[in-house]
Each structure stands twice: as structure tokens, then as C-alpha cells.
There are 2 protein chains.
Amino acid sequence: MGSVLDQAGITAAALALVSKKGYDGLTMAALAKSLGVAPSALYNHVGSKDDVLRLVEEDLMSQVDSSVFASLPWEEAVKAWAYSYRDIFSAHTPLISVIAVLPVTDAPQTLAMYEAVTEGFLRAGFPEDRIIPCIVALEAYIFGAAFDATAPADIFDSGKLAESTPHFTAAVRSLGPVNYPSDLAFRMGLDALVAGFGALRGS
Amino acid sequence: MGSVLDQAGITAAALALVSKKGYDGLTMAALAKSLGVAPSALYNHVGSKDDVLRLVEEDLMSQVDSSVFASLPWEEAVKAWAYSYRDIFSAHTPLISVIAVLPVTDAPQTLAMYEAVTEGFLRAGFPEDRIIPCIVALEAYIFGAAFDATAPADIFDSGKLAESTPHFTAAVRSLGPVNYPSDLAFRMGLDALVAGFGALRGS
DNA sequence: GAGATAAATGAATGGCATTCATTTACTGAA
DNA sequence: TTCAGTAAATGAATGCCATTCATTTATCTC
């Protein structure tokens with residue numbers, strides 16, 4: 001044996017590469033180079049590039065703060081968890097298309113997060129059969145919001161077509177200098193989801 | 001002139017190709033072949049493959065039903081619009097990563113949709129400066145839910161790690177035979193968002 | 001009919017993930 | 001100490017991809 005490579009090392013190198021060059025720079029060749037190894041050597045440890053993305057996902061999932069469910073009341077815990085989840089994945093949106101569709105089997109960190117969140121919901125008095133739908137809805141919102149967070153500030157600039165969309169253009173203008181209110185929108189939507197779901201709790 | 005190709009034809013061919021072979025099958029070579037033309041000929045009409053994706057996006061946006069805002073009360077209109085939006089894009093998730101970040105300038109169909117939705121919110125009594133944040137939050141939710149809708153039914157199968165995640169595993173089991181409740185979750189989240197945002201309306 | 005212009009061609013380029021036959025280096029048993 | 005087995009790394013090759021470019025073809029205008 002005596003291998004230079006292992007999954008932990010590959011994961012760390014992939015994360016470093018992504019933070020330095022972005023997901024466009026995450027190629028098997030670049031990853032191998034950063035590990036001082038030939039590209040084909042990676043295939044002794046991962047089956048494909050998608051495997052690398054899965055390793056990165058697992059690492060990120062373990063960074064999502066689900067400990068808040070043990071220390072805060074449910075409303076605050078959900079919000080803190082959601083912010084943490086979104087903040088982490090807004091820097092990793094290319095992963096979302098991969099993971100949103102990925103079975104959770106063999107993803108221990110991801111499962112651990114779901115377990116902590118589920119426990120938090122149970123402790124807050126949710127009926128067991130409503131918990132997964134709530135989590136699914138919250139995750140959908142979080143993933144969508146992660147994309148938003150990376151959008152350019154002028155995404156809603158209607159340009160030449162402003163005259164044909166007067167109400168929309170006025171609504172955008174009314175926001176003032178910051179015309180892409182990603183953070184305000186995230187807070188508003190999260191508040192609405194938490195308020196709506198909170199009503200499902202048993203007494 | 002007398003060109004075999006134009007943007008409408010390219011858009012139609014791209015949509016046909018996607019519905020037949022999926023987004024993996026949407027290559028410039030395959031697109032050109034389906035149009036009876038050499039791949040390089042496409043570049044006289046579009047600047048890049050991303051341009052093709054933008055054309056497809058515009059076409060899909062025009063299919064989203066925003067006419068409901070003219071005929072239904074606000075709550076029902078938002079829900080009908082959201083369902084239509086999600087249903088269309090759940091078959092086109094690879095576009096989401098592109099468009100969620102894309103400026104709306106020079107996207108007339110997309111702008112027309114935003115204008116119709118904005119008018120619906122105004123008519124329902126929303127303060128002008130809350131409308132865009134509401135739309136942003138709803139869109140985030142819709143895009144995220146579009147990913148969910150394509151997930152496999154057994155995405156939450158915890159497999160060998162079931163014993164270490166007892167609460168989560170039980171919550172999944174309590175859902176019964178269908179263990180990925182994408183539709184239920186979408187309805188629940190949408191109801192919560194609509195209820196929460198509806199409270200912002202002026203009297 | 002001449003010249004301009006728009007459009008299509010086919011050959012090239014460079015990057016990409018992945019495969020595979022081969023070699024290297026280490027292990028544990030005789 | 002030798003030798004066989006094995007895990008890991010190598011480098012060359014494959015096939016697909018988007019994109020570019022010099023060149024040709026066809027059409028329209030004067």
C-alpha cells in the first residue's frame with residue numbers, strides 16, 4: 001500500500017481547488033496536479049468525478065450547523081440552521097444539481113444532519129408524518145436561495161424594455177440602491193415558512 | 001440571405017432534442033445534425049451554447065401561466081402560477097443553474113411574466129417595495145422544488161446506516177409507501193409562503 | 001454582370017473525463 | 001532473504017465536447 005492518496009486527502013484538495021479556482025477549475029487533471037499525482041491515479045480511489053463531488057458534498061454537510069436544534073427553541077433553531085445551510089451552499093451551487101437528486105444512502109454526514117433536524121422537530125411537537133415534508137420544503141427553499149445569493153446585483157435591470165414593463169420596473173426601483181434583495185427576500189420567505197409550519201405542532 | 005437557420009428554428013430544435021434525449025443529448029453537434037447543418041453554422045446565429053440555453057429559457061418562460069393573475073383572486077393565482085412554473089422547470093433543471101443568475105435584460109418573455117406577476121401583487125394591495133422580495137422568495141422555492149420533483153423515490157433510503165438515524169428513519173417510514181413526498185411538501189411550503197406573504201397586503 | 005454580404009462548410013484546436021496495459025513499491029509468507 | 005502477490009501510480013490513448021477560422025457557396029443590389 002503506502003498510498004499518497006486517500007479520500008480525505010482528495011476531498012481536502014478538491015475543496016482547496018474550488019475555493020481558489022471555482023468549480024470551473026475543478027477538473028480531474030487540476031485535482032491530480034494539486035496532489036502531485038497523475039490524473040489516472042485518482043481513479044484508484046474514486047469511481048468518477050461525480051464521486052469527488054459527493055465527497056465534497058459530505059464535507060459541506062458536516063459544516064451545516066444542526067447543533068442549534070439542541071440549544072435553541074424550534075423557531076430560532078430552524079432559522080439558524082437554514083441560514084447556515086444556505087450560506088455554505090451559496091458558494092457551491094454547482095453541487096446542488098448533483099446532490100438534490102442524490103440518494104442519501106452511504107452519506108453519513110448528510111444523514112446525521114437529517115437526524116438532528118428530525119429530532120428537533122419531534123422535540124418541538126411535530127407529528128412524525130409531517131416532518132419529512134417540512135424538511136423537503138425547507139431544503140427546496142434553501143437550495144433556491146443559494147442560487148439567488150450568487151446572482152449579480154443588476155439581475156433585474158430591464159434595460160431597453162423598461163417601458164413595456166412599467167409596474168415591474170417601478171417595483172424594482174422602489175427597492176432603492178440595492179436592487180436585488182436576496183437577503184431581505186430570504187428572511188421574509190423563511191419567516192413565512194417557519195410561521196406556517198410552526199402551526200403544525202401538537203399542543 | 002435565405003438562411004436555413006434562425007433563432008426560432010434553433011429554439012424549436014433544441015426543445016425537441018431535449019425532450020427526446022435530455023440535456024445530456026443537447027450538444028451543438030446533435031443540434032446541428034437535427035437541423036441538417038454543420039455545427040459551425042450555428043455560430044452564425046448564436047454566440048455560444050449558453051445562448052441556446054437562453055433561447056430555450058425564454059420559450060419556457062412564455063409557457064408559464066401568469067394569465068391567472070388577471071382572472072383569479074391573489075391566493076389562488078399565486079398558487080396556480082407557482083405550480084405551472086415548477087411543473088415546466090422540473091423537466092429542465094439543468095437550465096436553472098444558468099438562468100437563476102442571469103440578468104433579465106433582453107429577455108422579453110421573462111420580463112413579461114414578471115410584469116404580469118407584479119401587476120397581480122399590486123392589484124392585491126401589496127406595498128410596492130415588498131413585491132420584488134416576495135417574487136424572489138417564491139422563485140427560489142419554485143426552483144428548489146423543481147429539483148425535488150426529479151429526485152428518485154428512494155432518495156431518503158438510509159440503507160445500512162438506518163440504526164444510527166432512528167428518528168429520521170422512522171419519520172421516513174411514517175410516510176407510507178410513497179417515501180418521497182415531493183408534491184405534499186410543495187403544497188405545504190407554498191401554502192405557508194402564500195399565507196405569510198398575504199399578510200403584507202394593505203387593507 | 002460585378003461586387004458585396006450573409007450563411008454554410010470542413011478541418012483544426014484545446015480541454016475534458018475516462019480507460020488500460022504497464023510498471024513501481026510495498027507486504028507477508030516460505 | 002527471497003519471492004509472489006497486490007495496491008497504487010504512470011503515461012499514452014480514446015472519444016466527446018464547444019469553439020474558431022479560412023474558405024466556399026448562394027443570394028441580393030446596383
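Proteins get letters first, then strands, A, B, ... in listed order; numbering begins at 1 in each.
Here C:dA7 presents its C1' atom at 14 Å from CG of B:Leu35, a figure rounded to the nearest Å. Put simply, CG on B:Leu42 is 12 Å from C1' on C:dT9, counting in whole angstrom units. Taking atom CG of residue B:Leu53 and atom P of nucleotide D:dC17, one finds them 15 Å apart after rounding to whole Å. We find that CG of A:Leu17 is positioned 14 Å from C1' of C:dC16, with the value rounded to whole Å. In this entry the distance linking CG of B:Leu31 with P of D:dC16 reads 18 Å, nearest Å. Counting to the nearest Å, the P atom of C:dA17 and the CG atom of B:Asp24 are 15 Å from each other. In this entry the distance linking CG of B:Leu26 with C1' of D:dC17 reads 12 Å, nearest Å. The interatomic distance linking B:Gln7 (CD) with C:dA7 (P) rounds to 11 Å, in whole Å.
Closest to the side chain of A:His45, out of D:dA18, D:dA9, C:dT18, is D:dA9. The B:Ala38 side chain lies nearest to C:dT9 when the options are D:dG11, D:dA9, C:dT9. For A:Ala41, counting side-chain heavy atoms from C-beta on, the closest listed nucleotide (D:dT19, C:dT9, D:dA9) is D:dA9. Taking the side chain of A:Lys49 as heavy atoms from C-beta on, and the options D:dT19, D:dT20, C:dT18, the nearest nucleotide is C:dT18. With D:dC21, C:dT19, C:dT18 as the candidates, the nucleotide lying closest to the side chain of A:Pro39 is C:dT18.
The residue B:Thr27 sits close only to the backbone: its heavy atoms come under 4.0 Å of sugar-phosphate atoms, none of a base.
In this structure, B:Arg86 forms a cation-pi arrangement with B:Phe186, its terminal cationic atom sitting closer than 6.0 Å to the ring centre and no more than 45° off the ring axis.
Judged by distance alone, the side chains of B:Ser67 and B:Asp65 do bring a donor and an acceptor atom under 3.5 Å apart. Checking A:Thr93 against A:Thr150 by side-chain atom types alone, no donor-acceptor pair falls below 3.5 Å.
Under the 6.0 Å cut-off for aromatic ring centres, A:Tyr114 and B:Phe156 qualify, their centroids lying closer than that.
Contact annotation: side chain of B:Asn44 to base of C:dA6, donor-acceptor pair absent below 3.5 Å.
The residue from B:Glu128, B:Arg123, B:Glu115 that alone fulfils the side chain to side chain donor-acceptor pair (under 3.5 Å) condition with A:His167 is B:Glu115.
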